[in-house]
Amino acid sequence: MKVLFNKARRLAGMTGLIFALSSGAAVAATPKDALVVGWQFDDIITLDTAEVFEFSGAEITGNTYDRLIGYDPEDVSKIFGVAAESWTVSDDGKTFTFKMRKGIKFASGNEMTAEDAAFSLQRAIVLNKSPAFILSQFGFSADNVKDMIKAVDADTLTITTDKAYAPTFVLYCLTATIASIVDKTEVMKHEVDGDMGFAWLRTNYAGSGPYKIEQWKPSEIVVLSANKDYWGGAPAMKNIFIRHIGESSVQQLLLEKGDIDIARNLETEQLKSVDGNKDIKLLKKGKGSLYYLSMNLKDPILAKPQVQEALKYLVDYKGLEDTVWAGRGQVQQAFLPKGFLGALEEQPFSLNVEKAKGLLAEAGYPDGFEIEMIVRNAPIRIDTAKSMQTTFAKAGIKVKLIPMDGKQVLTVYRARKHQLFFGAWGPDYQDPHTNADTFAKNLDNGDNAKSKPVAWRNAYAPEQMTKDTLAAVLESDAGKRAKMYLAIQKAHQQQAPFAFIMQEQEVAGLRANVEGYVLGPSFDSNSYKDVVKK
Amino acid sequence: MTELKSWLLAENPDSRAQASLGRAYLGWRRFFCNPLAMIGFVIVTALLLMAIFAPYIAPEGITSGLTGAELKEHRFQPPSAEHWFGTDGQANDIFSRIVMGSRITLIIVGIVIFTAPILGFIIGTVSGYFGGWIDVVLMRITDVFLAFPKLVLALALAAALGRGLESAIFAIAITSWPAYARLARAETLTIRKTDYLAAARLQGAGHWRLISGHIMPLCLSSLIVRVTLDMAGIILTAAGLGFLGLGAQPPTPEWGAMIAEGRDYILSYWWLATFPGLAIFVVALGFNFLGDGLRDVLDPKSGGQH
């Protein structure tokens with residue numbers, strides 16, 4: 001009994017301590033010149049812009065590096081110069097000449113020149129990490145890139161493509177994370193064994209953006225500090241502390257208490273409960289991010305077309321839109337998000353257990369089967385996956401749900417070692433080719449393929465669709481091009497091992513005094529640059 | 001009835017059976033008079049009954065299977081006459097899930113208490129009985145396991161073995177045997193030099209016979225007490241692993257995992273995490289009370305002082 005009593009006493013002591021701590025924290029507002037953000041960023045693997053291909057990493061580098069050009073987040077058709085002041089396109093449509101902006105300084109103090117820009121793009125091609133295809137699709141390779149991308153003098157950069165592509169397509173690609181400009185002198189100082197500073201830049205910073213990366217502790221914190229010499233004017237917030245807060249309920253609580261200024265991962269149910277709170281406002285933005293279920297064709301069961309079709313009929317699209325995704329997403333069943341050129345808006349699939357059962361019987365699984373589904377451990381994804389678990393079970397398919405960290409899921413997925421994967425895809429740039437390229441094109445389905453698009457990750461290699469995709473990107477007439485994409489999506493919708501489910505609407509909860517925070521149409525265009533606190 | 005009672009309480013029992021039955025009766029009386037022990041006993045019995053008859057008690061099973069408009073209407077319902085403990089985001093009845101979850105809790109506890117203590121018991125008695133280098137080797141292995149915090153080691157094991165109930169059970173079993181080994185060894189050391197063991201040895205009893213026939217029965221009562229007291233710890237460790245996502249995977253209604261699922265909604269829908277939490281609390285308390293009561297009864301050193 002005495003042991004129990006001691007335990008109780010200790011527990012009482014602890015509770016008192018926690019209470020004292022929490023009541024102390026409640027009165028502390030964040031400083032005027034610092035922004036504190038609560039966010040889930042467990043998917044950051046690297047900070048090297050030549051490798052970043054994750055939602056969170058792209059947002060961090062988007063705020064800390066300059067690219068040659070940018071677009072207006074409110075109207076993506078408005079493209080303007082950033083590190084490049086102006087540009088011209090040659091008559092044959094193959095050579096782009098950029099005039100660099102003067103007076104841009106890197107965090108190291110070095111002046112940015114055309115040489116840095118050329119180096120950054122060449123480096124991305126030579127390193128050839130996951131996102132390298134965004135640039136290499138213009139015919140660049142490690143052998144020729146030094147000739148194709150050149151700094152003519154300190155102010156002039158020329159880029160020559162192998163074919164005449166639609167100019168906007170080329171320019172949109174240059175707005176992607178991989179086209180960020182790194183500080184050549186600084187990066188090469190840390191070169192080890194000819195890695196072009198890759199090992200160093202993965203955890204360090206050599207950029208010129210409005211903010212500098214001070215610190216990144218995986219799944220803990222990212223600290224950004226203002227770049228006082230930023231060419232567009234120093235940002236108002238001296239520091240931005242982005243804390244990894246995995247639980248959205250904790251984010252809600254901290255936001256309500258004023259311990260954080262922005263909560264990035266409020267869930268559907270929490271949006272309801274903060275609605276009407278005077279101290280909190282909600283910022284909403286329709287995103288290009290699509291949530292989809294993909295089936296690895298390496299698995300003999302999933303390789304059967306009837307099984308793939310059956311699974312598409314076993315998702316409760318409407319129910320998900322009304323419950324888990326209420327106010328945060330809309331059903332979209334094609335690989336282009338609404339708002340993109342040529343996006344297909346038809347929705348042929350709905351929950352139809354009888355039809356799915358028939359298809360499964362045809363495929364030889366009248367009683368269903370057991371299968372594993374990997375998913376990142378974030379509430380909205382888990383809840384969606386659970387809904388699928390329930391509806392799949394109606395046709396006898398037993399889903400074993402395996403929630404993992406963002407990092408782990410991506411590692412398994414990119415090595416195509418999954419069976420079912422539920423996750424998200426965000427366009428890398430604002431041209432329809434970005435999604436067509438990854439979902440509908442696979443040039444080499446071998447295990448050691450050079451480029452590994454999402455289609456490859458699921459061992460999906462459609463020959464005709466690959467050809468159509470490559471043809472669509474060369475079409476300069478926008479109307480014809482849109483029709484080509486519609487046709488590709490229709491075929492893709494029926495045949496491909498992907499069930500597109502939801503198009504995201506991102507919602508951030510802000511303290512009422514925070515202004516100027518921008519949620520862009522893609523994940524790398526969320527911007528802290530103009531944030532001020534009233 | 002009174003005859004039976006006087007037979008049980010006879011000052012000079014006629015047989016060994018009568019003596020031990022009398023002893024058991026006295027123990028039961030002492031146990032019965034201890035209110036806390038009885039509360040524990042009732043809770044644990046109720047848990048057992050609940051687990052056995054779970055499918056009859058739980059009205060709706062572990063998943064509702066609702067979709068579309070029906071799902072929208074029935075999810076996140078507060079506690080009511082229809083759903084005693086409310087419903088969760090998939091419109092599953094939380095009361096049913098807790099009832100079904102009692103089976104998982106009992107399976108974990110059951111498997112762990114029939115593996116870890118036995119393993120620890122054998123290692124401890126062997127180590128204490130033989131002494132010398134066997135003792136040194138076995139105890140150093142035990143030290144290695146004791147050098148890690150239990151939950152951290154279990155976490156590492158469960159993560160390495162892959163998520164799932166089986167690996168959680170294995171991890172808990174692997175991390176909980178050293179305490180029993182220590183206990184059994186200490187008990188063995190106090191009796192290994194006794195005269196009756198020497199006498200048995202002189203009569204030609206082998207090592208195994210001495211350990212199993214003489215030493216183990218003497219250590220058993222303290223082991224049982226320890227196991228009962230540990231059950232609460234086992235339940236909490238299992239719930240902890242489930243909470244951290246390393247135990248049972250959805251939709252299995254493991255209580256710890258249910259709390260983890262509920263924590264995202266704790267500000268809007270308190271009942272999601274509260275009821276599984278209460279279930280863990282009540283059951284852990286029950287096992288603790290039961291363990292305390294059993295110690296009073298079984299511990300030979302405090303025996304007969306009431």
Side-chain angles (χ1 to χ4, degrees), chain A residues 1-4 7 246-253 255-256 265-274 314-324 326 350-351 353 372-375 377-380 382-394 398-405 408, chain B residues 34 36-37 40 61-76 88-92 159 162-165 226 229 232-233 236 243-252 257 259-270 272-273 284-285 287-289 291-293 295-296:
Chain A
M1 239 13 252
K2 197 169 172 214
V3 181
L4 208 68
K7 269 188 195 160
E247 263 113 84
S248 36
S249 55
V250 179
Q251 289 191 10
Q252 181 194 345
L253 199 61
L255 183 70
E256 284 173 350
N265 303 95
L266 295 181
E267 295 303 326
T268 314
E269 304 305 320
Q270 287 156 351
L271 295 177
K272 280 187 210 155
S273 75
V274 296
L314 282 174
V315 178
D316 186 14
Y317 302 92
K318 185 80 181 69
L320 282 168
E321 191 179 60
D322 287 345
T323 56
V324 177
S350 59
L351 181 65
V353 178
E372 280 186 1
M373 185 193 293
I374 58 168
V375 57
N377 208 347
I380 199 157
I382 297 282
D383 284 350
T384 312
K386 275 194 210 153
S387 155
M388 285 192 265
Q389 197 176 36
T390 309
T391 47
F392 283 18
K394 288 181 189 272
K398 273 193 179 163
V399 177
K400 189 175 173 203
L401 209 57
I402 307 186
M404 302 183 192
D405 260 8
Q408 287 175 309
Chain B
N34 182 344
L36 286 183
I62 58 173
T63 50
S64 67
L66 294 181
T67 53
E70 272 188 313
L71 174 65
K72 190 177 173 186
E73 198 179 317
H74 288 103
R75 67 201 299 253
F76 295 125
D88 68 9
Q90 302 299 319
N92 305 324
R163 294 145 189 277
L165 200 57
R226 178 71 197 242
L229 284 172
L236 290 180
F243 181 79
L244 294 170
L246 290 166
Q249 298 299 316
T252 319
I259 298 181
E261 286 165 28
R263 77 191 144 157
D264 290 318
Y265 305 108
I266 199 155
L267 297 177
S268 327
Y269 311 112
W270 56 270
L272 262 67
L285 195 72
F287 275 112
N288 257 330
F289 283 160
D292 269 341
R295 182 176 53 201
D296 292 345

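Below, chain A is the first sequence line, B the second, and so on; all start at residue 1. All heavy atoms count here, side chains included; hydrogens, waters and symmetry mates do not.
With a 4.5 Å cut-off on non-hydrogen atoms, Glu247(A) touches chain B through its backbone and its side chain both. In this structure, the portion of Ser268(B) lying under 4.5 Å from any heavy atom of chain A is its side chain and not its backbone. Asp322(A) touches chain B through backbone and side chain together, each having a heavy atom under 4.5 Å away. With a threshold of 4.5 angstrom between heavy atoms, Glu70(B) does not approach chain A through any atom at all. Of the two parts of Leu320(A), neither the backbone nor the side chain holds a non-hydrogen atom closer than 4.5 Å to a non-hydrogen atom of chain B.
Atom CG of Leu66(B) is separated from atom OG1 of Thr323(A) by 11.0 Å, given to the nearest 0.5 angstrom. Residue Tyr265(B) holds its OH atom at 3.5 Å from CG of Asp383(A), rounded to the nearest 0.5 Å. Once rounded to the nearest 0.5 Å, the distance linking CG of Leu351(A) with OG1 of Thr67(B) reads 5.0 Å. Expressed to the nearest 0.5 Å, how far CG of Asp88(B) lies from NZ of Lys386(A) amounts to 6.5 Å.
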**Request:** Show the numbers, then the answer: is there a side chain to side chain contact (heavy atoms under 4.5 Å, CB included) between Arg75(B) and Val324(A)?
**Result:** CA-CA 10 Å; Arg75(B) 67 201 299 253; Val324(A) 177; 3.9 Å; yes

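Taking chain B as the reference chain and counting heavy-atom pairs below 4.5 Å, the highest number among Ala385(A), Pro379(A), Ser273(A) is found for Pro379(A).
Environment of NZ in Lys394(A): crowded, with over 12 heavy atoms of neighbouring residues, nucleotides or ligands closer than 6.0 Å.
Here the closest non-hydrogen pair linking Ser249(A) and Leu267(B) is O-CD1, 3.5 Å. The two residues Gln90(B) and Thr390(A) have their closest heavy-atom pair at OE1-OG1, 4.2 Å.
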